[in-house]
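Contents: one structure, followed by commentary.
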Amino acid sequence: MTSRTETMRNHWWWRPGWSVGRRFYTWHLTFEGEADVHRLAAEYRSALAPLGDVLTPIPDRWLHLTMQGIGFVGEAKERDVQAIADLARDRLAAVPAFDLRIGPAVLDPEAVLLHVNPDAPVRTVRDAIRDAIGDVLGDVPEKAEGFTPHVSVAYSNSEGPAEPIARALAGLDITPAGSRVSAVELIVINRDHKMYEWETFASVPLG
């Protein structure tokens, strides 16, 4: 386990534009049916459980790798979102499916997260999605740089020292998970209940 912080902060503050009831179009990799990823997340949830409610553990259903946002429902036009999905489908047909290795944990100021390797295929998928968004909207939300592919397993609920969480993670010998990525999801996401929950708008297969 690597720690990048000495203090934690609450992940669930309301970021600009967000409020209860708001929905957002975004692209994620998701892990439905990925038994090894679920095994990994369960082992971390078990190790972190004694900390109580300082962390929000993420259930298997909502495990994800954040890729690229488009915009809020009601601001982004649905026909544009559909056009982006169609163009992304064409572009991603040329990108082969790939395998990821997920873990071990990194302690971030707002989360316990797992880096993924190799990250180059994830970046290739994101670049194709960004190209599709640019073709439809002209401007692409979110910066191309600064993207670090990761899968969070728990979010921080409050401000406080990182040391108790770091201590719970220290010395864990958890085998990283393998995952086969064969599709990317365009989803409609909300954070109404201190959890990222979503419905799928389009599932786009890789080549």
Please report the C-alpha distance between His150 and Val116 in whole Å, then the side-chain angles of each, then the deciding distance to 0.1 Å, and finally whether the side chain to side chain contact (heavy atoms under 4.5 Å, CB included) criterion is met. CA-CA 6 Å; His150 65 273; Val116 302; 5.8 Å; no
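- The shortest distance between side-chain heavy atoms of Val204 and Leu186 does not fall below 4.5 Å.
- Taking each heavy atom of Pro118 and Pro121 in turn, the nearest pair found is O-CD, 3.6 Å.
- With a 4.5 Å cut-off on side-chain heavy atoms, Leu55 and Ile165 count as touching.
- Proximity of a side-chain donor or acceptor of Tyr196 to a complementary backbone N or O of His64 within less than 3.5 Å is not detected.
- Note that CG of Leu51 and CG of Asn157 are 11.5 Å apart. Values are rounded to the nearest 0.5 Å.
- Looking at Asn190, its side chain never comes within 3.5 Å of a backbone N or O of Arg22 through a donor-acceptor pair.
- Rounding to the nearest 0.5 Å gives a distance of 4.0 Å between OG1 of Thr66 and NE2 of His28.
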Evaluate the criterion salt bridge (charged side-chain N to carboxylate O under 4.0 Å, His left out) for residue pair Asp108 and Arg9; output intermediate values, then yes/no. CA-CA 9 Å; Asp108 181 81; Arg9 59 178 179 257; 5.4 Å; no
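- Atom CZ of Arg123 is surrounded by more than 12 heavy atoms from other residues, nucleotides or ligands within 6.0 Å.
- Under the 4.5 Å side-chain heavy-atom criterion for grouping Ile, Leu, Val, Met, Phe, Trp and Tyr, Leu113 is not connected to Trp13 through any hydrophobic cluster.
- Val122 places a side-chain heavy atom less than 4.5 Å from the side chain of Leu100.
- A distance-only check finds no donor-acceptor pair linking the side chain of Arg89 to the backbone of Ala202 [under 3.5 Å].
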Is there a salt bridge (charged side-chain N to carboxylate O under 4.0 Å, His left out) between Arg39 and Asp36 once you walk through the steps? CA-CA 5 Å; Arg39 182 271 308 166; Asp36 201 31; 2.8 Å; yes
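- Rounding to the nearest 0.5 Å gives a distance of 10.5 Å between CG of Leu65 and CZ of Arg126.
- Side-chain contact annotation: His38 with Glu34, donor-acceptor N/O pair under 3.5 Å absent.
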Pair Tyr25, Ile187 - check side chain to side chain contact (heavy atoms under 4.5 Å, CB included), show working. CA-CA 6 Å; Tyr25 294 111; Ile187 62 178; over 6 Å; no
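- For the residue pair Ile133 and Gly69, the shortest heavy atom distance occurs at CD1-O, 3.9 Å.
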Passes salt bridge (charged side-chain N to carboxylate O under 4.0 Å, His left out), Asp135 versus Arg91? Steps please. CA-CA 12 Å; Asp135 286 348; Arg91 291 178 179 274; 2.6 Å; yes
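- Proximity of a side-chain donor or acceptor of Ser46 to a complementary backbone N or O of Ala42 within less than 3.5 Å is not detected.
- Proximity of the aromatic rings of Trp62 and Phe31 is defined here by a centroid distance below 6.0 angstrom, and this criterion is not met.
- Under the 4.5 Å side-chain criterion, counting only non-hydrogen atoms from C-beta, Leu169 is in contact with Leu48.
- Although no hydrogens or angles enter the test, the distance criterion places no donor-acceptor pair under 3.5 Å between the side chain of Asn117 and the main chain of Arg101.
- Scanning all heavy atoms of the two residues, the minimum distance from Pro149 to Asp119 falls at CG-CB, 3.8 Å.
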Does the side chain to side chain contact (heavy atoms under 4.5 Å, CB included) test come out yes or no for Leu172 and Tyr44, once each step is laid out? CA-CA 9 Å; Leu172 291 178; Tyr44 277 107; 4.1 Å; yes
Please tabulate, for side-chain N and O atoms in residues 76-86, each donor-acceptor pair with protein atoms closer than 3.5 Å (sequence neighbours left out).
from	atom 1	to	atom 2	distance (Å)
Gln82	NE2	Asp86	OD1	3.0

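- Neither side chain, Ser156 nor Glu110, offers a donor N or O lying under 3.5 Å from an acceptor on the other.
- In this structure, Val125 and Met67 have side chains that are in contact, with non-hydrogen atoms separated by less than 4.5 Å.
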For Glu197 and Ile189, run side chain to side chain contact (heavy atoms under 4.5 Å, CB included): C-alpha distance rounded to whole Å, both residues' side-chain angles, the deciding distance at 0.1 Å, then the answer. CA-CA 6 Å; Glu197 301 171 325; Ile189 200 166; over 6 Å; no
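- One finds the OG1 atom of Thr124 at 10.5 Å from the CG atom of Leu206 (value rounded to the nearest 0.5 Å).
- The backbone N or O of Gln68 lies less than 3.5 Å from a partner atom in the side chain of Thr26, making a donor-acceptor pair.
- At a threshold of 4.5 Å between non-hydrogen side-chain atoms, the residues Trp14 and Arg191 count as touching.
- For the pair Leu63 and Ala41, the tightest heavy-atom approach, listed with the atom from each and the gap, is CD1-CB, 3.7 Å.
- No more than 12 heavy-atom neighbours from other residues, nucleotides or ligands sit within 6.0 angstrom of CD on Glu32.
- Using a 4.5 Å cut-off on side-chain heavy atoms (C-beta onward), Trp198 and Val188 make no contact.
- Closest of all the heavy-atom pairs between Ser182 and Ala97 is CA-CB, 3.9 Å.
- Counting only distance, with no hydrogens or angles, the side chain of Glu185 and the backbone of Leu29 share no donor-acceptor pair below 3.5 Å.
- The minimum heavy-atom distance between Ile102 and Ser179, with the atom names listed, is CD1-CB, 4.0 Å.
- Side-chain contact check for Ile58 versus Val153: every heavy-atom pair is 4.5 Å or farther apart.
- When each of Met8, Lys194, His11 is checked for a side chain to side chain contact (heavy atoms under 4.5 Å, CB included) with Tyr155, only His11 meets the rule.
- Applying the ring-ring contact (aromatic ring centres under 6.0 Å, His included) rule to pairs touching residues 67-106 yields Trp18-Phe72, Phe24-Phe72, sequence neighbours excluded.
- Checked by atom type, the side-chain pair Asn10/Ser158 shows no donor-acceptor distance below 3.5 Å.
- When atom types are taken as modelled, the side chain of Asp192 and the backbone of Gly21 share a donor-acceptor pair closer than 3.5 angstrom.
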